[in-house]
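What follows is a short report on a single structure.
Every heavy atom of this structure was used, including side-chain atoms; hydrogens, water molecules and symmetry mates were not.
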Amino acid sequence: MENPLQLKSLNHISLVCRSLERTVDFYQKVLGFVPVRRPGSFDFEGAWLFNNGIGIHLLQAEDPHQMPAAGGINPKDNHISFQCESMATVEKKLEEMEIEYVKSRVEEGGIYVDQIFFHDPDGLMIEVCNCDILPVIPLDGGAPVLQCSRMNCNLKHHVQQQQHPTTVTL
């Protein structure tokens, strides 16, 4: 398949938030993101977070009161999605944190994908799923595409590899 812009990967998503502090806290405690350094030349309030091969850039809203209120949890609304190791663990943790969520299940060719949807503090819909069990098959009949979980692209794995490099003897 042609790659006209020669893209390599998604670098980050950028989200405007009502309260930078509250949203950073949510992404750290609920989703496990780690704050990372952002350029000091920025003249606006924000924070950069990273984990699982994903960057999230948070921007403090200039007028937080003008941001739209969150509606109900609707799996068909705009959302970002994360794959997880255990849906049961996700559900248990959300219940412990008293975060409202909606569960859904999708079936394709005998494969069942479980999904859990909830909002971040600013109303952004978040999905957590076990979607990596569903093959990503190009419509042109090409070979299945590898997903992130199969490439070990989480921050902890990367840091461990840097601290304890593997030696290969040929």
Side-chain angles (χ1 to χ4, degrees), residues 1-18 22-36 47-59 67-160:
M1 170 158 212
E2 187 179 341
N3 185 358
L5 299 181
Q6 299 180 350
L7 301 178
K8 298 188 302 183
S9 67
L10 175 68
N11 182 269
H12 70 274
I13 60 170
S14 185
L15 307 171
V16 176
C17 50
R18 286 180 185 82
R22 184 173 160 207
T23 305
V24 166
D25 187 60
F26 175 88
Y27 279 87
Q28 280 186 273
K29 291 181 179 171
V30 177
L31 298 173
F33 278 79
V34 177
V36 296
W48 285 9
L49 306 167
F50 187 83
N51 204 355
N52 304 305
I54 303 164
I56 296 180
H57 294 184
L58 300 175
L59 308 170
M67 289 183 64
I73 298 173
N74 179 359
K76 293 184 268 180
D77 203 349
N78 293 328
H79 62 273
I80 59 174
S81 179
F82 300 96
Q83 297 178 146
C84 70
E85 305 253 346
S86 165
M87 294 300 291
T89 299
V90 171
E91 188 171 5
K92 179 182 177 200
K93 291 292 185 184
L94 291 175
E95 287 175 4
E96 288 173 3
M97 293 184 232
E98 299 181 354
I99 295 174
E100 180 183 357
Y101 63 90
V102 169
K103 290 172 52 172
S104 181
R105 177 173 259 197
V106 176
E107 185 272 333
E108 176 64 28
I111 298 172
Y112 293 90
V113 173
D114 293 310
Q115 304 165 295
I116 294 178
F117 295 88
F118 55 98
H119 287 136
D120 79 357
D122 302 297
L124 175 70
M125 184 79 62
I126 295 173
E127 171 190 3
V128 177
C129 67
N130 60 348
C131 299
D132 58 348
I133 64 172
L134 190 64
V136 178
I137 302 171
L139 292 176
D140 67 5
V145 178
L146 291 179
Q147 296 184 39
C148 186
S149 64
R150 296 180 187 150
M151 296 186 303
N152 297 322
C153 52
N154 66 38
L155 180 65
K156 291 176 188 167
H157 179 78
H158 180 70
V159 169
Q160 287 171 347

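Counting heavy atoms from C-beta outward, Leu49 and Asn51 have side chains that stay 4.5 Å or more apart. Using a 4.5 Å heavy-atom cutoff, the side chains of Met125 and Asn78 are not in contact. Residues Glu108 and Val113 form no side-chain contact, since every pair of their non-hydrogen atoms from C-beta on lies 4.5 Å or further apart. Looking at heavy atoms from C-beta onward, Leu58 lies out of side-chain contact with Phe33 at the 4.5 angstrom threshold.
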Enumerate, atom names and distances included, each donor-acceptor pair closer than 3.5 Å involving a side-chain atom of residues 4-11, sequence neighbours excluded.
none

Validation: residues 116-123 side-chain donor-acceptor distances under 3.5 Å, sequence neighbours left out:
residue	atom	partner	partner atom	Å
Asp120	OD1	Asp122	N	2.8
Asp120	OD1	Gly123	N	3.0
Asp120	OD1	Leu124	N	2.9
Asp120	OD2	Tyr27	OH	2.8
Asp122	OD1	Arg18	N	2.7
Asp122	OD2	Thr23	OG1	2.7

Anything under 3.5 Å between a donor and an acceptor, one on a side chain of residues 93-100, the other on a protein residue two or more places apart or in another chain? List them.
residue	atom	partner	partner atom	Å
Glu95	OE2	Tyr101	OH	2.6

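Legend: residues meeting disulfide (SG to SG under 2.5 Å) with Cys129, ordered by chain and number and at least two apart, are Cys131. With sequence neighbours left out, the side-chain hydrogen bond (donor to acceptor under 3.5 Å, both in side chains) criterion links Asn130 to no other residue. Ser14 pairs by the side-chain hydrogen bond (donor to acceptor under 3.5 Å, both in side chains) definition with nothing, not counting sequence neighbours. Residues passing the salt bridge (charged side-chain N to carboxylate O under 4.0 Å, His left out) test with Asp25, sequence neighbours excluded: Lys29. Among residues two or more places apart in sequence or in another chain, the side-chain hydrogen bond (donor to acceptor under 3.5 Å, both in side chains) test is passed with Lys92 by none. The side-chain hydrogen bond (donor to acceptor under 3.5 Å, both in side chains) test applied to His57 returns His12, Trp48, not counting sequence neighbours. Every residue two or more places apart in sequence or in another chain was checked for a salt bridge (charged side-chain N to carboxylate O under 4.0 Å, His left out) with Glu107, and none qualifies.
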Quick one: do Phe26 and Ile126 satisfy side-chain contact (heavy atoms from CB on, under 4.5 Å)? Show the steps, please. CA-CA 12 Å; Phe26 175 88; Ile126 295 173; 3.7 Å; yes
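When all heavy atoms are compared, the tightest approach of Arg105 to Gln115 is N-OE1, 4.4 Å. Residues Cys17 and Met67 come closest through the heavy atom pair C-SD, 3.7 Å.
Rounding to the nearest 0.5 Å gives a distance of 5.5 Å between CE of Met87 and CG of Asp114. Between Cys84 atom SG and Leu31 atom CG the span is 11.0 Å, to the nearest 0.5 Å.
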